[in-house]
Amino acid sequence: MSEGAAKKEEKPRRFQAIRGTRDLLPPETALWNRVEQTAHKVFSTFGFGEIRLPIFEQTELFARSIGLETDVVSKEMYTFTDGPLKRLEDIAGYIRSMVEYQSFLFVAQLFDFYVREFKLGVSRGDLPEEHRSTLLEMHNILEAVQNLDARRHEGDLSTEKERVLARIKLYVSVPRFADVLALRPEATASVCRAYIENNMQQLPQPVKLYTIGPMFRRERPQKGRYRHFYQIDAEVLGGTDAPAIDAEVIEMVMTFFERLGLEGVQLHINSIGDKNCRPKYVELLRAELSKVKDKLGPDSQRRIETNPLRVLDSKLKEEQAIIENLPRIGDHLCQDCATHYAAVKHELGLRGVKYHENWRLVRGLDYYMRTTFEITAKGLGSQNAVCGGGRYDGLMELLGGPPTKGIGFAIGEDRLILSLLETGHSPLATPHSPLLYIAWMGEKAYTTAIRAAKNLRNAGFRVELPPVEQKFSKALGQADKLGARFALILGDNEVASGEWTLKTLADGKQEKLRESDLVEHLKKQL
Ligand code: ATP
Ligand code: MG
């Protein structure tokens, strides 16, 4: 290797943000803050309190609530194992995922690793003493494997192998010795977990909560779709399922969007039935879809089995005509669901909320029932949904809580901000350029400058105090570059006379002021 090449290699590596994540920078972050402040204000007028939740939870919480067949759980979650026995659990996870289709010997070898790791755990004291007997039992299995291997020429041993595999499966069947965790892909499951864990059913019902924060889904990144994105999420838990609650939740999010000046806002609503009527409709849909299976794309074909409702969501051009002819859920709602849906529409009318009914609107997560809605906005291309929500009365029970009514929504904050920017909402509404730049020279002037900066900042002005001395001409140039409106000139003369010079940068006008008058004078200028 030449010397030059060696030098080049020494250059420290530069890092980049992970694919699908991004930095939010000023001045755009000022707009993020404005959006969040508006959410705090509007939501509190509707009686919502803020809840702050952990960013990781047990994977099982999401698997059970969102549903195993959904894209979010089946392929988009960031999961990891945690704890001193993490390696043991990782090997168990491999065995679980391979046991059905890998060779007997391969699985047996992995199990050998598992047993070694287990033994380490016992000797380190990470596994309690009583597991010594488990270790003995597992050694017996390994002996059986060796025995079968020695007899491999004896003809058909498949029944015996099956028996050994069944014993192996028993030991690795569930994650037992480490936590299997996931970065949260959404907030509703966590809010419900928190409701149960903190006994919120003892509070006056319903409990109205909202939360703002990052979510994680391993999707293909594109405009308006990221792997680390933000949601503003609100939930109403407990009490009744009165249609007025559905309508008020929707009214709240529409009010929030209106307050922000979001453009092209359209509300789409639907009812997807409940556990009485939906299963029958899903079966009907499945039967009808099976008849036209050959004309559908691979995704929809798969969904006929796993999640037929999701076929209605398809954006594929070739499938549109077929979908239009499918049976519609609105014609198959039970009496209670139909009455509830009609009442929700009436309540929206009372509140002056305009909506479009869309029979094809289903949500990607399993737990929704009855009222579902989605809100779209301008300037977002195909990722135009800024909010999705709905009712989920059965969810709390699924998570081991008492029967509890629930409805909520999640706003995609990234998309909301994108739409605001695309329609000309300047992030500069809260400017971060300084109002006043202090040009100081000399040691005495510096002490005065520090005092002046402190007083002005306490009064709420944005002040830039240069950290090193510089000539006045240079300081004024710098003030200009930063976009300051005023420069406060502090030299030995000013300090000695107590008369300070305030320069308006746009027109070069200079005024003499006393220190005590400065704050009042600036306030008048704003
Ligand atoms: P989509 O159909 O666009 O994938 P979704 O049905 O998966 O949305 P929800 O789980 O209902 O979305 O989440 C609510 C909102 O969160 C969406 O309407 C969207 O604005 C936002 N959102 C969802 N996934 C992402 C993502 N990967 N990046 C940015 N925003 C997202
Ligand atoms: Mg999605």
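Counting starts at 1 for both ligands and their atoms, in listed order.
At least one heavy atom of Q231 sits under 4.0 Å from some atom of ligand 1. Contact between R415 and ligand 1 is present, with at least one heavy atom of the residue lying under 4.0 Å from the ligand.
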Atom pairs and distances, donor-acceptor, side-chain atoms in residues 78-85, under 3.5 Å, two or more places apart:
from	atom 1	to	atom 2	distance (Å)
T81	OG1	D90	OD1	2.7
T81	OG1	D90	OD2	3.4

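For Q58, the CD atom is loosely surrounded, since the number of other residues' heavy atoms within 6.0 Å does not exceed 12. Within a 6.0 Å sphere centred on CD of Q335, other residues, nucleotides and ligands contribute 12 heavy atoms or fewer.
Listed by first then second residue, pairs satisfying side-chain hydrogen bond (donor to acceptor under 3.5 Å, both in side chains) with a partner in residues 38-49 read H40-Y210, not counting sequence neighbours.
Considering backbone and side-chain N/O of D414, none are found under 3.5 Å from N/O of ligand 1. In terms of N/O distances under 3.5 Å, ligand 1 is approached by A385.
If you number the atoms of ligand 1 from 1 as listed, the ones under 4.0 Å from a heavy atom of E219 come out as 24 (N), 25 (C), 26 (C), 27 (N).
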Apply side chain to side chain contact (heavy atoms under 4.5 Å, CB included) to residues E60 and V180 and explain how you reach the verdict. CA-CA 8 Å; E60 180 68 15; V180 183; over 6 Å; no
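The residue among R225, E374, Q383 with a heavy atom at the shortest distance from atom 1 (P) of ligand 1 is R225. When the options E186, R217, K315 are ranked by their closest heavy atom to atom 5 (P) of ligand 1, first place goes to R217.
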